[in-house]
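Following this message is one structure expressed as structure tokens.
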Protein chains: 2
Amino acid sequence: MITIGQLARYVGVSTKTIRVYHDKGLLPEPERDASGYRRYGANDAIELIKIRTLAEAGIPLARIRDLRSATGEDFQQALREIDDELTARIRGLRATQGRLRQLAAGHPAPLPTQISAHLEHLVRWGFTPRWMDLQRDLWILVFATHPDQAIILFQDQTEALADPALRQLFLDYDHAHDLDANDPRIDDLAHRIAEATRDRYGADELPELDATSEIPALIQGTVNAASPAWQRLDMLIRAQLDA
Amino acid sequence: MITIGQLARYVGVSTKTIRVYHDKGLLPEPERDASGYRRYGANDAIELIKIRTLAEAGIPLARIRDLRSATGEDFQQALREIDDELTARIRGLRATQGRLRQLAAGHPAPLPTQISAHLEHLVRWGFTPRWMDLQRDLWILVFATHPDQAIILFQDQTEALADPALRQLFLDYDHAHDLDANDPRIDDLAHRIAEATRDRYGADELPELDATSEIPALIQGTVNAASPAWQRLDMLIRAQLDA
DNA sequence: CTTGACCTTTCCCCAAGGGCAGGGCTGCAC
DNA sequence: GTGCAGCCCTGCCCTTGGGGAAAGGTCAAG
């Protein structure tokens, strides 16, 4: 009969692991020899290998203990569940691996797919990186604070950008950043934006400002702080819409 | 700015997880508002998503912390290592899944491949299940106690079984189990076995009994206990070899 | 003004072992 | 027969990545 160390080497685990399995009732304690050493037979090796097979599948030891006293039918059923779960875990790991490679490729973070797709559209339409960052932050915060309404707002925004005329207004807003605050083109742009807004939403319901309350205001504040031209533009638009 | 709960829901983790990341220095503590609540911005969300991507790949949090202060080159290198490790883990899980299915299919335990292949050969050659169990236990114990010599002995045994004449002797040994202890065929078999042994190993070096000392003796004891015929057979063989 | 849903900190708990201390056994070499 | 290395024994604390509860402060809505 073999000692705990020999059994451990044969199966490829540590002696501590075997003792833990005894403590938790997974593997019965074997007989002791005259000096109190545990002595194992071939059967114990077989049982231990079975236990390791289950443990390596990630099954909690407590569940393995219960499984060992289950009937054949329950046991088969449990194995099927474990098999499915393993398949899912493998799929999950592959997905993680994909995200990791995106991260390595320089994509800064795997945002929710809707947002990152939106940002890629902006790139193609010629918006500046500055605008993209703003949009990214805005949508992250809106989705975080108002998950339900965010989807509606987001779809509305997507629609608006699909219209070339409206898209041009957004592009103009983006590029107005670098104008002098008193440039007359700003007054003109404010006028056109206010008009388009009224056309699209009617006179008095502006969904963005309504629904998410303080968040766009906060973003707008940051936005304005970045450029006197944007600040004046925002002021003019509000004045025209309130009138 | 959003609260810890909103950030947690957005990224899909618990608030506790975020606090743990603060404690461990993974994610910097954000500013607090007037009532002491943590307030997060869009940047924190992005950082947290990055951290989760790494954490879901199974990277220890301490390593993630270090990675965040690593240079681009080191970071890329680390990501490559992690990618390889993930690939290895996926392969490992698939292997585990295979072993699990073997277990479900009724194969009692995935023994080391050499042993299970040996046992399958025995089935094909017509040995009894009783003999197979004996062989299985014997080889498990020998491989556990004397891993180095076990391989040599095992190859020797494989060779012997490849010889039809020798194989027939083993088969006869197997079937002698059910004979009467005084059956004259036992004397005849003992004679033939002793002769074959001398032919194969020369007069005085019997590798099995030499090298692994007490183990085969122990097995032989169990074996003999199972059948008076085997007991007498063993006695006769020893007598002839010692002579 | 209360209620429920948040937030704060601190503390203990879990799995699955790893590692150490402090002691006993055994086998081999000298 | 003595020393020493390498096993074995038990008992205890340590780790990772959080979970959960306690005890209290805050906020928004009815």
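By convention in this document, chain letters (A, B, ...) are assigned in the order of the sequence lines, proteins followed by strands, and residues within each chain are numbered from 1.
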Listed once per pair and sorted, the salt bridge (charged side-chain N to carboxylate O under 4.0 Å, His left out) pairs that draw on residues 95-117 of chain A, sequence neighbours left out: A/Arg99-B/Glu56, A/Arg101-B/Asp83

Where along residues 14-34 of chain B does a heavy atom fall under 4.0 Å from DNA chain C? B/Lys16, B/Arg19, B/Arg32

Can you list the residues that meet the salt bridge (Lys or Arg N to Asp or Glu O under 4.0 Å) rule with B/Arg63, with sequence neighbours excluded? B/Glu81

Residue pairs, two or more places apart or on separate chains, that pass salt bridge (charged side-chain N to carboxylate O under 4.0 Å, His left out) and touch residues 103-114 of chain B: none

Salt bridge check: are A/Arg200 and A/Asp156 linked by an N-O gap of less than 4.0 Å? yes

Given the side-chain rings of A/His146 and A/Phe154, with only the six-membered ring counted for Trp, is the space between their centroids under 6.0 Å? no

Just jot down the ring-ring contact (aromatic ring centres under 6.0 Å, His included) partners of B/Phe75, sequence neighbours excluded, or say none. none

Which pairs with one or both residues in residues 135-148 of chain B pass salt bridge (charged side-chain N to carboxylate O under 4.0 Å, His left out), sequence neighbours excluded? none

Is the centre of the B/Tyr40 ring less than 6.0 Å from the centre of the B/His22 ring? yes

Can you name the atoms? Protein N/O to nucleotides 23-26 of chain D N/O, anything below 3.5 Å, with the distance.
residue, atom, partner, partner atom, Å
D/dG25, N2, B/Tyr37, OH, 2.7
D/dT26, O4', B/Tyr37, OH, 3.0

When the axes are fitted on five pairs at both termini, how much does the helix from C/dC1-D/dG30 to C/dC30-D/dG1 curve, in 10° steps? 0°

Apply side chain to side chain donor-acceptor pair (under 3.5 Å) to A/Arg68 and list each qualifying residue two or more places apart in sequence or on a separate chain. A/Glu47

Go through residues 86-100 of chain A and report each residue with a non-hydrogen atom lying under 4.0 Å from DNA chain C, sorted by number. none

Outermost contacting nts on DNA chain C, any atom under 4.0 Å from chain A heavy atoms, listed 5' then 3', are C/dA16 to C/dT26

Mind listing the residues from residues 44-57 of chain A sitting with a heavy atom below 4.0 Å of DNA chain D? Number order is fine. none

